[in-house]
Amino acid sequence: ISTDGKTVYVTSAFDNSITAFGVNASDGTLSSLQFVKDGISGVNGLKGAEDVVVSPDNKYVYVAGEGENAIGIFSRNVNTGMLTFQGFKQNGIDGIGGIGGVSNLAFDPSGTHLYATGADENALAVFQINANNGDLIFEKSQTDNLNNVNGLGGAQGVIVSGDNRYIYVTAKTDDAIGIFSCTYIVDMEETICQGDSVVVGASTYKNSGAYLDTFAFGGCWTVIALDLTVYPDQVEINEEICQSGSYTFNGQTYSTSGTY
């Protein structure tokens with residue numbers, strides 16, 4: 001159901017389709033608005049349609065097409081609830097992974113990311129939402145038994161906590177619930193000269209060292225780990241040469257004793 005309560009969307013894995021129903025605000029009854037089927041009028045990504053979600057801003061609708069390992073993308077008319085096909089994202093195309101056998105979708109409360117489970121890959125995929133057109137930008141996936149991840153065997157259901165801090169995944173094969181923290185760690189290495197500085201958020205750093213800065217974004221936490229090296233503005237170099245020799249530094253050649 002759309003968050004404005006005006007429209008209910010229903011998927012059919014048998015028909016490879018999604019149907020929109022208008023909601024009567026007085027008694028809650030439904031009236032048919034639109035029927036959208038895979039392979040008709042250029043629509044794709046709905047084969048074995050298993051789940052549907054509406055973006056928190058009510059502008060876009062996404063459908064999990066389990067039968068073709070894809071997510072169908074639709075724009076939504078916020079006044080009528082009618083859908084317009086925008087495109088689809090498919091597993092194995094353009095570097096996308098983790099949505100083989102995609103069966104469930106979930107938004108984070110801020111509406112900036114979409115999470116999708118891939119039962120055939122025992123995985124959870126993360127997409128960023130393009131705020132301008134609703135397109136999905138693949139970020140990464142987590143796979144069972146890789147990088148210390150466990151509890152995603154036969155991943156099916158996914159839900160994000162109301163505070164946007166945690167993601168929970170039900171896994172049929174593992175008989176488990178996988179738990180993920182919505183925290184991103186970004187490593188930075190910077191080298192500057194004495195007197196210069198590096199700005200991270202509201203913090204300014206001028207000395208060599210390791211620093212951590214934490215930011216809240218869309219309910220998630222991003223940790224910036226900065227490794228800063230500061231080179232002094234003056235370096236002492238002692239060189240010895242023979243009487244007939246010379247020493248060249250930065251394009252200058254020296255052949256007599258002295259301080260330069």
**Message:** Assess the residue pair T7 and R76 against the criterion (side chain to side chain donor-acceptor pair (under 3.5 Å)); give the C-alpha distance rounded to whole Å, side-chain angles, the decisive distance to 0.1 Å, and a yes or no.
**Reply:** CA-CA 10 Å; T7 320; R76 176 181 180 269; 2.9 Å; yes
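- A parallel orientation is assigned to the rings of F85 and F88, their planes being inclined by less than 30° (bins at 30° and 60°).
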**Prompt:** side chain to side chain donor-acceptor pair (under 3.5 Å) between T191 and T229: does it pass, once the steps are laid out?
**Reply:** CA-CA 5 Å; T191 300; T229 301; 4.7 Å; no
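- No donor-acceptor pair closer than 3.5 Å links the side chain of T248 to the backbone N or O of T253.
- Judged purely by atom type and a 3.5 angstrom limit, N91 uses its side chain to pair as donor or acceptor with the backbone of I99.
- Side-chain polar atoms of N44 and Q90 form no donor-acceptor pair below 3.5 angstrom.
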**Request:** Could you give me the CA-CA distance, side-chain angles and deciding distance for Y62 and F127, then say whether ring pair (Phe, Tyr, Trp, His ring centres under 6.0 Å) is met?
**Result:** CA-CA 12 Å; Y62 302 85; F127 295 87; 9.1 Å; no
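- For the pair N132 and N130, the tightest heavy-atom approach, listed with the atom from each and the gap, is N-OD1, 2.8 Å.
- A donor-acceptor contact shorter than 3.5 Å is absent between the side chain of D144 and the backbone of N122.
- Here the closest heavy-atom approach between residue N58 and residue S2 is recorded as OD1-CB, 3.4 Å.
- D135 has a carboxylate O that lies under 4.0 Å from a charged side-chain N of K89, or vice versa, which qualifies the two as a salt bridge.
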**Prompt:** Is there a side-chain contact (heavy atoms from CB on, under 4.5 Å) between I18 and L83 once you walk through the steps?
**Reply:** CA-CA 10 Å; I18 177 174; L83 302 178; 4.0 Å; yes
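- Minimum interatomic distance between H113 and V126 (heavy atoms only, all atoms of both residues): CD2-CG1, 3.9 Å.
- Side-chain N/O atoms of S75 and Q86 include a donor and acceptor closer than 3.5 Å.
- Between Y260 and Y254, the angle of the ring planes lies from 30° to 60°, which puts this pair in the tilted group.
- Ring geometry, Y166 versus Y168: the interplanar angle falls from 30° to 60°, so the pair is classed tilted.
- Side-chain contact check for V36 versus L46: some heavy-atom pair is nearer than 4.5 Å.
- Contact check for L152 versus V169: side-chain heavy atoms found under the 4.5 Å cut-off.
- Side-chain contact annotation: N16 with S12, donor-acceptor N/O pair under 3.5 Å absent.
- In this structure, Y60 is not a member of the same hydrophobic cluster as Y9, with clusters built from ILVMFWY side-chain heavy atoms closer than 4.5 Å.
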